[in-house]
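Report on one structure; see the data block that follows.
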Amino acid sequence: MSSAVSTEPLLHRSFREISRPRFRSSTLRPSPPPASLSCAPKSPSFRHARRRCASGSGPRRGGWGGAGAGALLRVRASSSGAAVVEALESADVLFQEAFPLQRTETAKGKIFVRLDQGKDGQNWQLTVGCTLAGKWILHWGISHVDDVGSEWDQPPAEMRPPGSIPIKDYAIETPLQKSSTSMDGDEVYEVNISIKSNSNIAAINFVLKDEESGSWYQHRGRDFKVPLMDSLQDDSNIVGSKRGFDLWPGALGQLSNILLKGEASDYKDKDASTDLEASKQEVRCLEGFYVEQPIVKVVSIRNSVNISVKICPKTAKTLVYLETDLPRDVIVHWGVCRDDSKKWEIPAAPYPPETEIFKNKALRTLLQPKEQGNGFWGSFALDEEFVGFLFVLKLKEEDVWLNCMGEDFYIPVSSTRSSSLIRQKESDSTETSGKTMETNTEVSSTAYTDDIINEIRNLVSDISSEKSRKTKTKEAQESILQEIEKLAAEAYSIFRSSLPTFSAEAVLEQEALEPPPHICSGTGTGFEILCQGFNWESNKSGRWYKELMEKASQLASLGFTVVWLPPPTDSVSPEGYMPRDLYNLNSRYGTIDELKDLVKKFHEVNIRVLGDVVLNHRCAQYQNQNGIWNIFGGRLNWDDRAVVADDPHFQVGRGNKSSGDNFHAAPNIDHSQDFVRKDLKEWLHWLRSEIGYDGWRLDFVRGFWGGYVKDYLDASEPYFAVGEYWDSLSYTYGEMDHNQDAHRQRIIDWINATNGTAGAFDVTTKGILHAALERCEYWRLSDQKGKPPGVVGWWPSRAVTFVENHDTGSTQGHWRFPSGKEMQGYAYILTHPGTPAVFYDHIFSHYQSEIGSLISIRNRNKIHCRSTIKITKAERDVYAAIIDDKVAMKIGPGYYEPQSGPQKWSPVLEGRDYKVWETS
C-alpha cells in the first residue's frame with residue numbers, strides 16, 4: 001500500500017496526457033516550472049478558453065516568458081488603481097470568467113490509540129482516533145487464541161461499531177466519527193471498539209485508511225497489532241513486550257511511552273510450546289494506556305481566480321481586472337500576445353503598482369490586498385493592438401505555481417474576439433430560453449468536441465482504407481486504435497458535464513462496414529451481456545462443469561454472450577480462490593477434460609468464456625527452513641523470491657515491496673520479478689490455447705499494479721477482461737455520501753494503469769443502488785452533473801455493472817442487494833450503458849422471465865456499453881432515464897411516464913416498482 005497522497009482529482013489519464021500535446025503550439029518551449037496547483041474548467045465559456053490556454057507558452061524556466069530565477073527590474077507603476085476600477089465599473093463586460101484553483105497544503109495532526117476500562121470494571125474499550133479532518137476508515141480484524149499464522153478474521157457482530165462494513169471474510173471497515181470533544185483545539189475523529197474480557201480474541205489488527213486520498217497508514221507494510229493475551233505464538237511482526245496489553249508499531253513508526261506495568265520479557269528466548277500453552281490459558285493482565293504520534297497529511301485546498309475584461313470608453317484601452325481569494329501574497333507573472341501564436345510580449349508602460357520586469361521577457365506584479373482583507377486584486381490596462389492576456393499565479397513565499405492544466409492562462413482581450421464570445425453566449429441564451437443552465441452547458445461543449453469526433457472518424461477511415469490495401473502493419477493499426485481509444489476517453493470526460501450531442505453510431509456503423517483487424521484489447525464489441533456461471537456453493541457437487549453444460553443452450557437462448565466460470569486451478573480452498581499448482585486444473589468443479597468440454601459447448605452456442613484467474617497471491621506447498629509457507633510446487637516451483645518483501649503475514653519473502661494492497665490469507669506474489677511475469681504470461685497463453693478461454697475475470701487486482709495487468713493482457717490477447725477492484729465507498733456518520741467521485745476515481749485509476757485494456761466491476765454503482773433502493777432515495781442515482789454516479793457515468797465502455805455476485809450474495813451474503821428489489825437493479829443495469837453482468841442465482845430463479853425480457857429489450861434496441869443516456873427524473877421515490885432515444889425506463893414507487901413528442905412511447909415491460917418503454 002502506498003501512502004502517497006494525490007494532489008488533484010484526476011480524470012482519465014488518457015485525457016490528461018493526450019489533450020495537452022495535441023493542442024500545443026508548435027513553437028519550442030523550455031519546460032514549465034513544477035506545478036502542484038491546477039485549474040479545471042467550470043463554466044461553458046471556459047471550455048473554449050481552456051483550449052486556447054492549452055496552446056499558450058506559459059512561464060518557462062530560462063525561457064523567453066520564463067519564470068525562473070533572474071534579475072528583476074523595478075518599473076514605474078500607474079498613478080492609481082482606483083481609476084482603472086472606476087473605468088471597469090463604467091464599461092461593458094466583454095469577458096468574465098471564474099476559474100477554480102486547486103492547491104495542496106500540509107496539515108499536521110495526531111493519531112492516538114487509547115485503552116479504557118469499561119464502567120462495569122470487566123470489559124474494555126479500545127479507541128482509535130485522528131485529529132485531522134477527513135474521511136478516515138479503520139480497516140481491522142482480529143486474531144483468535146488458537147490461530148496459526150497471521151491471517152485476520154472478522155470480529156463477532158456484537159463487537160462491530162455502527163456503520164461497519166464487512167470486507168470479504170477477513171476484515172471490517174469502520175468509519176471514524178466526529179467526536180463532540182476536541183484536542184488542543186483540533187477536531188477529533190475516532191471509533192470505539194468494545195472488548196469483552198471473556199472472549200477468545202488474542203489480538204486486534206488494524207490499519208488506518210484516508211478515504212479521500214485512498215492512502216493507507218502502516219509501518220513499513222506492517223499492520224497495527226494490539227495483543228489481548230499475555231502470551232502469543234511467535235510473530236515476527238511483534239515488536240516489544242508480550243506481557244499485558246501491548247501495542248506494536250504501525251503506520252507512524254515506533255510507538256513509545258506506552259503506559260504499562262510489569263517488566264518486559266524477552267519473548268525471542270521463549271519456547272514456542274510454552275507460548276502456545278500460555279495463550280490457551282488466556283491469562284490477562286490488561287492495563288489502560290494512551291499513546292499518540294504525529295501525522296502529516298497533504299490536503300487539497302480550493303480557491304478561485306476571477307477575470308473581467310472591459311473596454312474603457314475614455315481611453316479605448318482594454319481593462320483586465322483580476323481578483324482571487326488566495327490567502328497569502330500573490331504574484332501575477334504576465335504578458336500579452338498579438339495573435340494566436342501566443343508569443344509572450346511585454347506591453348509598454350505604465351504598469352500596475354509593485355510591478356517588476358523579469359529578464360525582459362515577462363512582468364511580475366504583486367497583487368493588492370482587498371479592503372475587506374479577504375483575497376487580492378489587480379488591474380491591467382492594455383493597448384487595443386493586443387489580442388490576448390497571458391498569466392500564471394505564484395504564491396510569493398512559496399515555489400508553487402497556479403496555472404491552467406499545466407499551461408498558461410489565456411484570456412482573449414481584443415474587442416472583436418471578446419464580442420464574438422458574448423454574442424455567441426447571447427445567441428445560446430435566446431435559443432434555449434426557458435431551459436436550464438445545464439442545457440446551455442451542453443450546447444457550448446459541442447464546439448469543443450467537434451475536432452475530437454472528426455479525428456476519431458478520420459482514424460477509423462484510415463484503418464479501413466489501409467486494411468483494404470493491406471499495407472498497414474499490425475503495430476501501426478494498433479497504434480491507430482489506441483489513439484482512437486484515447487480520443488474517446490477525452491470525449492467521455494466532456495460528456496460527464498454535458499449531454500452528448502454526438503452519437504457514436506456513425507463511427508460504429510463505419511466500423512461495421514469495414515471491421516478493423518483482430519487486435520484484442522480486452523474490451524469486446526460493446527454489446528456483451530455477461531452471466532456469472534456459478535455461486536459460492538457450486539464446488540460442493542464435484543461435478544459443476546457437467547451441470548453447467550446442461551444449461552449452456554438455455555443461457556444462449558436468454559441472450560447471454562459471455563459466461564464467467566469459477567477458478568479452475570488446484571486450490572487450498574474448495575472455491576478456488578487460494579490457488580496452489582496453477583497447471584493442475586483438476587478442481588472441485590470437475591476435471592480438466594470436463595472443463596474443456598464445457599468451454600467447447602459454450603462456443604457451440606456462441607457464448608464466449610471467461611476464466612477466473614487469481615494472479616495476486618498463491619498458496620505455497622512447502623515451508624522454508626524457518627517454517628514459513630513460501631516455497632511453491634508444481635510446474636511453477638518458485639521460491640521466496642516470488643513473494644513480496646513487505647507481506648505482513650508471510651514476512652520472509654525476498655522479492656521487492658508490494659505494488660498494491662496485501663491479501664491476508666496467502667503469500668502475495670511479486671509481479672516486478674521478470675521470471676514471475678514470464679511464467680504467468682506463459683500460463684495465461686496456455687489456458688487460452690489448451691482450454692479455449694476467451695478472456696479473464698481478474699481476482700483482487702488491488703493487490704498489484706495495473707501496469708502488470710496490461711503486460712499479461714498484451715501477452716494473452718483476451719477478447720474480454722474485467723478486474724475486481726473492490727474498495728469501500730465514502731460514508732459520513734454511517735450514511736453513504738451522495739458524492740462518490742473519489743471511489744469511482746480509484747477504479748478509473750486502475751483501469752488507466754492497464755492502459756484501458758481491461759474493464760472493472762462497477763462497485764460504485766452497486767453501492768449507490770443499495771442506498772437508493774434501501775432508503776427510497778432515488779435522487780442518489782444522478783451525480784452533481786446529471787450523469788450516472790458510478791464508473792458507468794465516467795467511462796461506460798470499461799464499467800461492468802452488476803447487482804450481485806458470489807461474494808456479496810449466495811450463501812456468503814457479505815453485501816446482499818436489498819431483498820425484493822433485485823429486479824429494479826436489473827432494470828437499471830440492463831437498460832443502461834456499460835456491460836451488465838447477471839448473477840447465476842438470479843438467472844435460475846423466479847426472476848428468469850423478467851431478466852430474459854430485459855435482455856431482449858437491450859438486444860433488439862442495440863443498447864451497448866457506450867449508449868447515450870439522459871436522466872429525466874431523479875427524485876426521492878423515482879428515477880427515470882432515456883437511453884439512445886429508443887428505450888425509456890423508471891424504477892421506484894413514484895410516478896413517471898415519458899413525454900410523447902416526435903417519439904411515441906409504448907410500455908413493453910412492467911414489474912414491481914419498475915417499468916420500461918420503447919419507441920413505437
Side-chain angles (χ1 to χ4, degrees), residues 503-505 508-509 512 524-533 548 550-564 602-610 720 762 765 769 788 792 796-797 799-804 817 821-870 879-891 896-898 903-920:
S503 172
E505 291 179 357
L508 292 173
E509 289 172 1
T525 65
F527 292 90
E528 285 74 24
I529 301 176
L530 177 63
C531 157
Q532 180 175 359
L548 196 57
E550 298 171 358
K551 296 179 170 64
S553 297
Q554 184 179 3
L555 291 172
S557 66
L558 287 170
F560 290 103
T561 63
V562 180
V563 63
W564 157 23
F602 275 121
H603 286 167
E604 290 173 355
V605 295
N606 295 317
I607 293 180
R608 308 267 190 162
V609 181
L610 303 185
F720 190 88
D762 193 348
T765 291
L769 281 170
V792 72
S797 67
V800 177
T801 53
F802 68 108
V803 169
E804 207 80 283
F817 203 80
K821 302 180 187 293
E822 290 88 351
M823 282 311 304
Q824 290 188 61
Y826 284 118
Y828 182 93
I829 69 170
L830 286 170
T831 59
H832 279 50
T835 300
V838 184
F839 184 41
Y840 179 88
D841 289 5
H842 294 158
I843 299 171
F844 295 98
S845 71
H846 61 284
Y847 295 138
Q848 184 179 109
S849 175
E850 293 174 273
I851 290 173
S853 297
L854 285 168
I855 293 175
S856 296
I857 293 170
R858 184 180 183 91
N859 285 335
R860 69 172 171 259
N861 288 281
K862 297 182 179 179
I863 296 175
H864 51 86
C865 68
R866 297 177 178 87
S867 288
T868 60
I869 178 171
K870 179 181 179 182
Y879 165 87
I882 295 176
I883 300 89
D884 282 347
D885 291 326
K886 298 177 183 179
V887 173
M889 58 81 65
K890 79 100 178 175
I891 56 175
Y896 172 79
E897 291 284 338
Q903 298 166 313
K904 302 296 183 182
W905 295 100
S906 301
V908 290
L909 183 63
E910 185 172 3
R912 181 180 174 184
D913 290 337
Y914 77 90
K915 193 172 182 178
V916 183
W917 297 260
E918 289 178 328
T919 54
S920 355

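Atom CZ of F844 sits about 12.0 Å away from atom CZ of F839, to the nearest 0.5 Å. Between the CD atom of Q903 and the CD1 atom of I882 there is a distance of 6.5 Å, given to the nearest 0.5 Å. Atom CZ in F817 sits 8.5 Å away from atom OH in Y826 (nearest 0.5 Å). Rounding to the nearest 0.5 angstrom, the gap separating the CG atom in L909 from the CE atom in M823 is 7.0 Å. Interatomic distance, NE2 of H864 versus CG of N859, reported as 12.5 Å (0.5 Å rounding). Rounded to the nearest 0.5 Å, atoms CD1 (I863) and CD1 (I857) are 8.5 Å apart.
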>> As a quick check of understanding, evaluate side-chain contact (heavy atoms from CB on, under 4.5 Å) for Q532 and E804, giving each step before the final call.
In response: CA-CA 10 Å; Q532 180 175 359; E804 207 80 283; over 6 Å; no
> Stepwise, does the side-chain contact (heavy atoms from CB on, under 4.5 Å) test hold for H842 with I851?
Replying inline: CA-CA 8 Å; H842 294 158; I851 290 173; 4.0 Å; yes
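The nearest pair of heavy atoms linking V800 to A837 is CG1-CB, 4.1 Å. Scanning all heavy atoms of the two residues, the minimum distance from V803 to G825 falls at CG2-C, 3.7 Å. S553 and V605 make their closest contact through OG-CG1, 3.9 Å (heavy atoms, listed as atom of the first residue, atom of the second, distance). Across all non-hydrogen atoms, the minimal contact from T835 to C865 is OG1-CB, 4.0 Å. In terms of heavy atoms, G533 sits closest to L548 at O-CD2, 3.4 Å. The minimum heavy-atom distance between D841 and S845, with the atom names listed, is O-CB, 3.3 Å.
A donor-acceptor pair under 3.5 Å is formed between the side chain of D884 and the backbone N or O of T868. Although no hydrogens or angles enter the test, the distance criterion places a donor-acceptor pair under 3.5 Å between the side chain of T561 and the main chain of I529.
Under the ring pair (Phe, Tyr, Trp, His ring centres under 6.0 Å) criterion, W917 pairs with Y896, not counting sequence neighbours. A search for side-chain hydrogen bond (donor to acceptor under 3.5 Å, both in side chains) contacts involving E822 returns Y847, not counting sequence neighbours. Here D913 pairs with nothing under the side-chain hydrogen bond (donor to acceptor under 3.5 Å, both in side chains) rule; sequence neighbours left out. Y840 pairs by the side-chain hydrogen bond (donor to acceptor under 3.5 Å, both in side chains) definition with nothing, not counting sequence neighbours. Here E918 pairs with R860, N861 under the side-chain hydrogen bond (donor to acceptor under 3.5 Å, both in side chains) rule; sequence neighbours left out.
A salt bridge between K890 and E897 is absent, with no side-chain N of the basic residue lying under 4.0 Å from a carboxylate O of the acidic one.
Just one residue in the list L530, I843, L555, L558 forms a side chain to side chain contact (heavy atoms under 4.5 Å, CB included) with V838, and that residue is I843.
For Y828 and Y879, the distance between ring centers is under 6.0 angstrom.
The list of side-chain hydrogen bond (donor to acceptor under 3.5 Å, both in side chains) pairs with a residue in residues 849-858, not counting sequence neighbours, reads E850-Y914.
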